[in-house]
Asker: 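First, the structure itself, so that you have it in front of you.
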Amino acid sequence: MENRICVYPGSFDPVTHGHLDIIGRVSRLFPEIRVAVLDNPDKEKVFTVDERMAMLKKACAHLPNIKIDSYSGLLVDYMRSIDAGFVVRGLRSASDFEAEFQMAQMNSQLSETMESLFLMTSPQYAYISSGIVRQIASFGGDISAFVPACILQEVNKRFRSK
Ligand code: PNS
């Protein structure tokens, strides 16, 4: 089968255990996974694209078939540029489904070849989001249960210096 590259796109601001759950599980399904950070100049992020990619590299170091990348513009264009046939997203809830359904339908209009796949987030991570992690960290709360240990110090440091 061709186009066996699967892209896992997102903001990853910062990467959480929820993201790593999806990455670990999809890494068993495809020979090559690209975890792709959206470089969107319109959106204010806590971490730069380079910082987010570096944190992902650390957190995924144990998985040999994961490459960390970034893209700007349309996801379908990035996928064409690397000849990727599949995109995966995690679903935590019905509200995720609504947004993801719209995005998948839109992407299928923009690309006939791209196939969108969804993995249900494992129940123990279903309540985690990068946004909630940022909020807790910004108030000095303990985020150690939500982000990988290898990036914990860096995330905490960023919020302490704000
Ligand atoms: O982690 P996020 O913020 O939920 O990820 C959303 C993301 C980055 C996957 C999505 O917004 C995206 O790929 N945007 C790029 C622009 C694009 O392709 N838009 C058309 C599809 S809706």
Side-chain angles (χ1 to χ4, degrees), residues 6-30 33-63 66-76 78-79 84 86-107 114 116-162:
C6 181
V7 173
Y8 181 38
S11 303
F12 305 105
D13 190 37
V15 60
T16 67
H17 281 313
H19 297 127
L20 290 174
D21 169 49
I22 300 296
I23 294 170
R25 286 161 59 205
V26 79
S27 75
R28 296 196 288 271
L29 304 176
F30 287 90
I33 311 295
R34 294 277 185 114
V35 180
V37 180
L38 177 65
D39 186 358
N40 184 349
D42 297 342
K43 277 196 178 176
E44 185 90 351
K45 297 289 177 205
V46 170
F47 296 95
T48 67
V49 171
D50 286 345
E51 287 169 336
R52 285 179 271 155
M53 288 175 68
M55 287 191 279
L56 277 162
K57 273 181 194 156
K58 268 193 207 171
C60 299
H62 60 296
L63 297 167
I66 305 289
K67 288 185 182 162
I68 311 299
D69 206 353
S70 68
Y71 68 105
S72 53
L74 291 177
L75 177 62
V76 290
Y78 166 69
M79 292 189 54
F86 300 88
V87 59
V88 69
R89 297 277 291 171
L91 289 179
R92 292 165 298 190
S93 61
S95 61
D96 270 0
F97 173 80
E98 288 192 11
E100 295 299 332
F101 183 74
Q102 184 182 29
M103 196 159 79
Q105 299 288 356
M106 188 59 83
N107 283 331
M114 168 174 164
S116 294
L117 305 174
F118 299 93
L119 289 181
M120 301 290 173
T121 304
S122 298
Q124 66 269 37
Y125 305 123
Y127 61 94
I128 302 176
S129 73
S130 296
I132 288 180
V133 167
R134 292 194 300 272
Q135 191 183 73
I136 294 170
S138 72
F139 290 119
D142 179 7
I143 56 163
S144 58
F146 316 129
V147 300
C150 60
I151 70 160
L152 182 61
Q153 215 182 348
E154 181 174 352
V155 177
N156 278 331
K157 201 170 145 199
R158 176 61 46 92
F159 284 96
R160 283 191 193 123
S161 64
K162 278 195 164 213

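Because the structure is predicted, anything quoted here is derived from the model rather than measured.
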Asker: For residues L117 and F86, report the shortest heavy-atom separation together with the two atoms involved.
Answerer: CD1-CD2, 3.9 Å
Asker: What do the steps show when you test L56 against V37 for side-chain contact (heavy atoms from CB on, under 4.5 Å), and what is the final call?
Answerer: CA-CA 9 Å; L56 277 162; V37 180; 3.5 Å; yes
Asker: Which distance, rounded to the nearest 0.5 Å, do you find between the OG of S70 and the CG of L38?
Answerer: 9.0 Å
Asker: From D96 CG over to M103 CE, what is the distance, rounded to the nearest 0.5 angstrom?
Answerer: 10.0 Å
Asker: If you take all heavy atoms of I68 and K57, which pair is closest and at what distance?
Answerer: CG1-CG, 3.5 Å
Asker: Taking all heavy atoms of S129 and all of T16, pick out the closest pair and write down the distance.
Answerer: C-CG2, 4.3 Å
Asker: Output yes when a side-chain donor or acceptor of R158 lies under 3.5 Å from a complementary backbone atom of V46, and no otherwise.
Answerer: yes
Asker: Taking the side chain as every heavy atom from C-beta outward, state whether M114 and L75 have any pair of such atoms under 4.5 Å apart.
Answerer: yes
Asker: Where is the tightest heavy-atom contact between Y71 and P9, given as atom of each residue plus distance?
Answerer: OH-CB, 3.5 Å
Asker: Can a donor-acceptor pair be found between the side chains of D142 and S144 at a distance below 3.5 Å?
Answerer: yes
Asker: So, the side chain of T121 versus the backbone of L91: is there a donor-acceptor pair under 3.5 Å, distance only?
Answerer: yes
Asker: Within a 6.0 Å radius of atom OH on Y127, are there more than 12 heavy atoms belonging to other residues, nucleotides or ligands?
Answerer: yes
Asker: Does the pair F146 and I136 meet the rule for a side-chain contact (heavy atoms from CB on, under 4.5 Å), with working shown?
Answerer: CA-CA 10 Å; F146 316 129; I136 294 170; 3.8 Å; yes
Asker: Nearest 0.5 Å, what's the CG-CD distance between N107 and Q102?
Answerer: 10.5 Å
Asker: Are K157 and R160 close enough that some pair of their side-chain heavy atoms sits under 4.5 Å apart?
Answerer: no
Asker: Is the shortest heavy-atom distance from the side chain of I128 to the side chain of V133 under 4.5 Å?
Answerer: yes
Asker: About how many Å separate CZ of R89 and CZ of F118, when rounded to the nearest 0.5 Å?
Answerer: 8.0 Å
Asker: Answer yes if the side chains of S122 and D21 hold a donor-acceptor pair under 3.5 Å, and no otherwise.
Answerer: yes
Asker: Are any of the side-chain heavy atoms of V155 and M55 separated by less than 4.5 Å?
Answerer: yes
Asker: List the steps, then state whether side-chain contact (heavy atoms from CB on, under 4.5 Å) holds for Y8 with H19.
Answerer: CA-CA 9 Å; Y8 181 38; H19 297 127; 3.3 Å; yes
Asker: Could you report the tightest heavy-atom contact between I33 and F30, atom names first, then the distance?
Answerer: CD1-CB, 3.6 Å
Asker: Quick test of your reading of the model: are E51 and K45 salt-bridged, counting only N-O distances below 4.0 Å?
Answerer: no
Asker: Could you tell me which residues satisfy side-chain hydrogen bond (donor to acceptor under 3.5 Å, both in side chains) with Y78, sequence neighbours excluded, listed by chain and number?
Answerer: D69
Asker: Search all heavy atoms of F47 against all heavy atoms of P14 and return the closest pair with its distance.
Answerer: CE1-CB, 4.1 Å
Asker: Assess whether side-chain contact (heavy atoms from CB on, under 4.5 Å) is satisfied between V76 and V87, documenting all intermediate values.
Answerer: CA-CA 9 Å; V76 290; V87 59; over 6 Å; no
Asker: Under 4.5 Å between any side-chain heavy atoms of D13 and R52, yes or no?
Answerer: yes
Asker: Are S116 and E100 packed together at the side-chain level, in the sense that at least one heavy-atom pair is separated by less than 4.5 angstrom?
Answerer: no
Asker: For a 4.5 angstrom cut-off between non-hydrogen side-chain atoms, does E154 reach K58?
Answerer: yes
Asker: Please tell me if the side chains of R134 and F159 come closer than 4.5 Å, counting only heavy atoms from C-beta onward.
Answerer: yes
